[in-house]
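Worksheet: the structure to be examined is printed underneath.
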Amino acid sequence: MATKNVPVETTEEKYDRASRLEKSVRSLQRDKERGEIYQKAADLFASLGDFQDAKARAEKCEKKAKEFKEKYKQQEKVRKQAEKQQKVEENPKKQIRKREIRLALLGILILAMGCATIFMKTKPGRYFRADIFGKIGFYEKSYKMFNNLKDYKDSEERFKESCYKDGIAKLDAEDYEAAKKSLRKLDDYKDSDEKLTEAELELLKQCEIGKDALFGEYRWMVMEKEEDKLFLVKMVPINGVPYDKKKATSWEDSSVRKYLNGKFMDETFNKAAQKRILKSTVEVPVTSDKTITTQDYLFFLTAEQAEKYQKPLSNYLRDWWLLDMGQEEHTAQFVSRGVAKKHGSQLVSRGVVMKYGYEMSDKNIFMRPAMWISLK
């Protein structure tokens with residue numbers, strides 16, 4: 001295939017072309033075009049180096065190009081200002097109208113915000129906000145607002161749902177104390193009892209020996225820990241309940257045993273918590289050489305246990321019953337509340353076991369139940 005010959009412009013031809021470009025400026029009317037042509041001529045002259053007077057003419061054309069470019073720049077500035085001024089002068093009503101529209105829109109916005117603020121304080125507005133908080137996961141805010149709305153629409157049911165979700169979210173985050181607080185507000189809603197019991201057991205597991213946590217309706221002290229179970233004793237003794245109302249001769253046939261493992265248990269623990277309370281084999285000392293055995297969920301401590309746990313259980317100045325029988329019939333041993341107390345000529349010190357016993361029918365001695373619970 002033949003190669004096409006491209007003609008090469010000589011130095012003289014470039015010089016002539018640059019000269020023609022320079023002269024052609026005279027026929028142009030617009031400063032913008034004059035500046036552009038002078039710039040082309042200057043570049044062409046500059047490419048010729050020292051040929052004839054090309055260098056001087058390049059400088060001359062460069063200078064002219066800058067002059068016309070600057071003139072064009074100033075002309076454009078003046079033109080734009082004139083156009084702007086002309087628009088302002090020609091359209092004053094339009095500008096005023098725009099200003100009026102902006103002010104009107106601002107007024108509408110302020111009015112809308114004011115109406116929205118008022119609306120949000122009404123029951124429909126508060127209901128709306130509670131619903132939004134629930135949808136974006138702010139369950140605590142949601143259930144508190146629904147709770148304040150009481151019987152407005154389905155607020156009571158929505159309160160339960162938001163409160164339940166808040167408890168579950170905190171349980172999943174292992175914030176057991178906060179989870180417990182939310183779940184305790186519910187009355188066996190869905191599986192809230194099971195979740196509440198789970199949170200309370202986690203808190204009990206974290207307790208050191210001698211420390212307490214809420215389980216059911218009361219606080220319980222942790223006395224012993226094993227791998228899968230805990231031994232708990234009631235934190236605050238309970239008054240007004242005699243050991244026996246009639247003529248019992250031991251724990252086995254006492255009215256308090258029936259009460260603790262019946263009504264007390266049902267009123268203190270929900271069904272989920274009751275399933276965690278273990279039935280224990282309780283050995284009841286009747287005499288120095290005789291014991292009887294019962295199977296109970298809740299029971300009193302023996303004198304031996306009371307002495308073993310004397311220090312942590314001396315936290316309240318109350319007399320409280322023990323399992324052991326007293327020296328006389330229809331009496332049971334108890335722990336002294338720890339104030340100056342005469343028995344004969346003897347002064348009783350704090351937390352000491354009173355082996356002589358006291359009448360089972362007495363209501364001034366408190367009860368302090370104990371139990372084993374499963375962590376499984």
Side-chain angles (χ1 to χ4, degrees), residues 176-177 180 196-239 241 243 251-252 254 256-257 259-261 264-265 267-270 272-285 291-325 332-338 348-355 357 365-376:
Y176 302 116
E177 188 65 40
K180 179 195 67 179
L196 172 60
T197 300
E198 181 182 338
E200 290 180 343
L201 289 176
E202 288 294 338
L203 291 170
L204 281 167
K205 282 197 292 186
Q206 295 172 13
C207 282
E208 297 177 1
I209 299 295
K211 300 301 180 180
D212 65 280
L214 190 66
F215 185 56
E217 296 300 313
Y218 298 110
R219 302 189 74 84
W220 301 80
M221 295 176 67
V222 178
M223 294 291 99
E224 292 185 27
K225 282 187 173 185
E226 294 187 8
E227 184 176 354
D228 57 357
K229 61 181 182 178
L230 300 175
F231 184 52
L232 308 179
V233 176
K234 179 77 172 58
M235 176 73 172
V236 181
I238 302 171
N239 68 340
V241 182
Y243 196 107
W251 162 260
E252 183 179 24
S254 67
V256 76
R257 178 191 175 208
Y259 170 67
L260 285 176
N261 289 276
F264 178 84
M265 188 169 176
E267 291 178 347
T268 303
F269 306 104
N270 61 44
Q274 287 185 32
K275 292 178 181 178
R276 297 302 187 105
I277 303 173
L278 299 172
K279 181 172 279 191
S280 302
T281 299
V282 182
E283 293 187 355
V284 186
T291 62
I292 58 174
T293 301
T294 62
Q295 295 291 317
D296 297 302
Y297 294 102
L298 290 121
F299 45 88
F300 291 156
L301 297 180
T302 63
E304 182 180 355
Q305 288 173 314
E307 290 173 348
K308 177 180 179 181
Y309 308 130
Q310 180 180 13
K311 186 176 181 180
L313 293 179
S314 296
N315 58 331
Y316 277 88
L317 300 179
R318 296 288 185 270
D319 295 346
W320 42 279
W321 293 112
L322 297 172
L323 280 176
D324 305 63
M325 295 299 97
Q333 296 183 28
F334 65 98
V335 171
S336 164
R337 61 184 174 178
V348 178
S349 61
R350 184 175 186 177
V352 173
V353 173
M354 299 291 98
K355 296 185 178 181
I365 299 179
F366 290 44
M367 68 172 187
R368 199 168 203 178
M371 61 184 173
W372 282 96
I373 63 169
S374 173
L375 298 175
K376 290 183 178 179

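Index from 1, following the sequence. As the structure is a computational prediction, the values presented were derived from the model and not from experiment. The analysis underlying the following values was restricted to heavy atoms, covering all of them including side chains, and did not include hydrogens, waters or symmetry mates.
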| query | Hey, does the side chain of D319 reach the backbone of I365 with a donor-acceptor pair shorter than 3.5 angstrom? | reply | no

| request: Considering only NZ, NE, NH1 and NH2 on the basic side and carboxylate oxygens on the acidic side, decide whether R257 and D296 come within less than 4.0 Å. | output: yes

| query | Just wondering, are more than 12 heavy atoms of other shown residues or ligands nearer than 6.0 Å to CD in Q206? | reply | yes

| said: I'd like to know if E200 pairs up with R276 as an ion pair, taking the criterion as any Lys NZ or Arg NE/NH1/NH2 lying under 4.0 Å from an Asp or Glu carboxylate oxygen. | reply: no

| task | Kindly say whether M235 contributes a backbone atom to a donor-acceptor pair with the side chain of D212 at under 3.5 angstrom? | result | no

| request: Begin with the C-alpha distance, continue with both residues' side-chain angles, and end with the deciding distance and a verdict on side-chain contact (heavy atoms from CB on, under 4.5 Å) for L203 and L214. | output: CA-CA 8 Å; L203 291 170; L214 190 66; over 6 Å; no

| task | Taking the side chain as every heavy atom from C-beta outward, state whether T293 and V284 have any pair of such atoms under 4.5 Å apart. | result | no

| So does Q295 have more than 12 non-hydrogen atoms from other groups sitting under 6.0 Å from CD? | yes

| message | Main chain of G357, side chain of Q333: is a donor-acceptor contact present, judged purely on distance under 3.5 Å? | response | no

| request: Check whether any side-chain N or O of Y243 sits under 3.5 Å from a backbone N or O of L323 as a donor-acceptor pair, and report yes or no. | output: yes

| message | Would the distance check show the side chain of S374 and the main-chain N or O of K376 forming a donor-acceptor pair, the cut-off being under 3.5 Å? | response | yes

| field | Approximate separation, where rounding is to 0.5 Å, of L298 CG and F264 CZ | value | 6.5 Å

| Can any side-chain N or O of K225 pair as donor or acceptor with the backbone N or O of K205 at less than 3.5 Å? | yes

| query | Do the two ring centres, one from W251 and one from F300, sit under 6.0 Å apart? | reply | yes

| Test of ring centre spacing under 6.0 Å for F366 and Y316 | no

| said: For a quick test of reading the model, state the closest non-hydrogen atom pair linking Y218 to W220 and the distance between them. | reply: O-CD1, 3.1 Å

| note | Smallest heavy-atom separation, E224 atom then W372 atom, equals OE1-CH2, 3.6 Å

| field | Step-by-step side-chain contact (heavy atoms from CB on, under 4.5 Å) determination, V233 to Q305 | value | CA-CA 11 Å; V233 176; Q305 288 173 314; over 6 Å; no

| request: Drop me the distance from L201's CG to L375's CG, to the nearest 0.5 angstrom. | output: 6.0 Å

| Side-chain heavy-atom pair T197, K275 within 4.5 angstrom cut-off | no

| Which value, rounded to the nearest 0.5 Å, describes the distance between M371 atom CE and F231 atom CZ? | 10.0 Å

| query | Looking at CG of L301 and CH2 of W321, how far apart are the two atoms once the value is rounded to the nearest 0.5 Å? | reply | 14.5 Å

| query | Rounded to the nearest 0.5 Å, what separation is found between the NZ atom of K279 and the OG1 atom of T294? | reply | 10.0 Å

| Rounded to the nearest 0.5 Å, how far apart are CE of M223 and CG of L313? | 5.0 Å

| said: When you measure from the side chain of R368 to the backbone of L322, do you find a donor-acceptor pair of N or O atoms at a distance under 3.5 Å? | reply: no

